[in-house]
Amino acid sequence: MVSESLLTPSPLIPKSRPEIIQSLIDGVDRYNPDNVSILEEYLGTQLQAEEYDLMANLAILKLYQFNPHLVNEPVIINILVKSLTAIPNPDFNLCLYLLHESLVSSDFLLVDENVARLIELQQYLEQARYQEFWKVYESDETYKELTVEATGFEDAIRKGSNSIEVFFFLMSSYVRYTQKTRSSIVILTAISMTYQSISADLLGAYLNLDSEDKEFESFIQSRGLTHKDGVVLFPTNHDNEAKPTVIRENIKFERLY
């Protein structure tokens, strides 16, 4: 059984969103600067509970645009960090476009070094340069300081955190979705969309895990993958299945008199 595509947009209405946040986002109160503290507090909940709400976070950035005196750089950093866990969805760029001019110059050159560092990480992830991502991430403690408030950040990059409308179940025979749980898959999703099998050593390098280590084996088993003779097998899904191309041409000949 083959599922639909693994690439699913972040939900506009996560099931974990409190009613008060929903009312703010739906109404004109989303532009009331007095409510920014409520949204910032909700972001703190997302960071601690490994949840993710794109629309609520965009609302914060929009309030910062209209009210420059409210700009809180640590909050912006945390929003960008959470959006990294939604890659390959474009959430990070959506947030970036709403940054206040205090962080971005008129010609869109970055002024803030921390934002620039997160953009560097984003580019590595989007370009599937996973080994370089981990090398840069671990080469400077500054990167870990930027992500320290986001509980489970590294795990979210490897396998997923609570942020996408559907949960990705890797079973021994197929991949399917369910709307009961949410998960954001970054590296593992990209690999699952590309490979049906991959060298355990290469996958370990992508995930920053030693393929000979028990942690790697535990991770593989927790995702329902098969590890055999140095190769990790992924179930067939809509994206990694080879499909024959059928070309059909309809040529009409007008009646000749």
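These numbers come from the heavy atoms of this one structure, side chains and all, not from hydrogens, waters or symmetry mates.
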Of K82, K62, Q46, which meets side-chain hydrogen bond (donor to acceptor under 3.5 Å, both in side chains) against N57? Q46
Crowding at [atom1], [X] (>12 non-hydrogen neighbours, <6.0 Å):
X	atom1	result
E138	CD	yes
E149	CD	no
K144	NZ	yes

So [Y] and [X], do their side chains get closer than 4.5 Å, heavy atoms only?
X	Y	value
L61	Y97	no
I60	L98	no
V232	T226	no
F234	L188	yes
T142	N114	yes

Walk me through whether L84 and F153 qualify under side-chain contact (heavy atoms from CB on, under 4.5 Å). CA-CA 9 Å; L84 281 176; F153 173 77; 4.1 Å; yes
[atom2] on [Y] to [atom1] on [X], rounded to 0.5 Å:
X	Y	atom1	atom2	value
M55	L58	CE	CG	6.0 Å
E132	Q127	CD	CD	8.5 Å
I79	E40	CD1	CD	8.0 Å
N32	L39	CG	CG	10.0 Å

Give the minimum heavy-atom separation between [X] and [Y], together with the two atoms involved.
X	Y	result
H227	A200	NE2-CB, 3.4 Å
L80	C95	CD2-CB, 3.8 Å
A56	Y42	CB-CE2, 3.6 Å
I157	F133	CG2-CE2, 3.9 Å
R158	F219	O-CZ, 4.2 Å

With a 6.0 Å cut-off on ring centres, are Y206 and Y130 close enough? yes
If the plane angle is over 60° it's perpendicular, under 30° parallel, otherwise tilted; pick one for W134 and Y137. perpendicular
When you compare the side chains of D201 and S199, does any donor N or O come within less than 3.5 Å of an acceptor on the partner? no
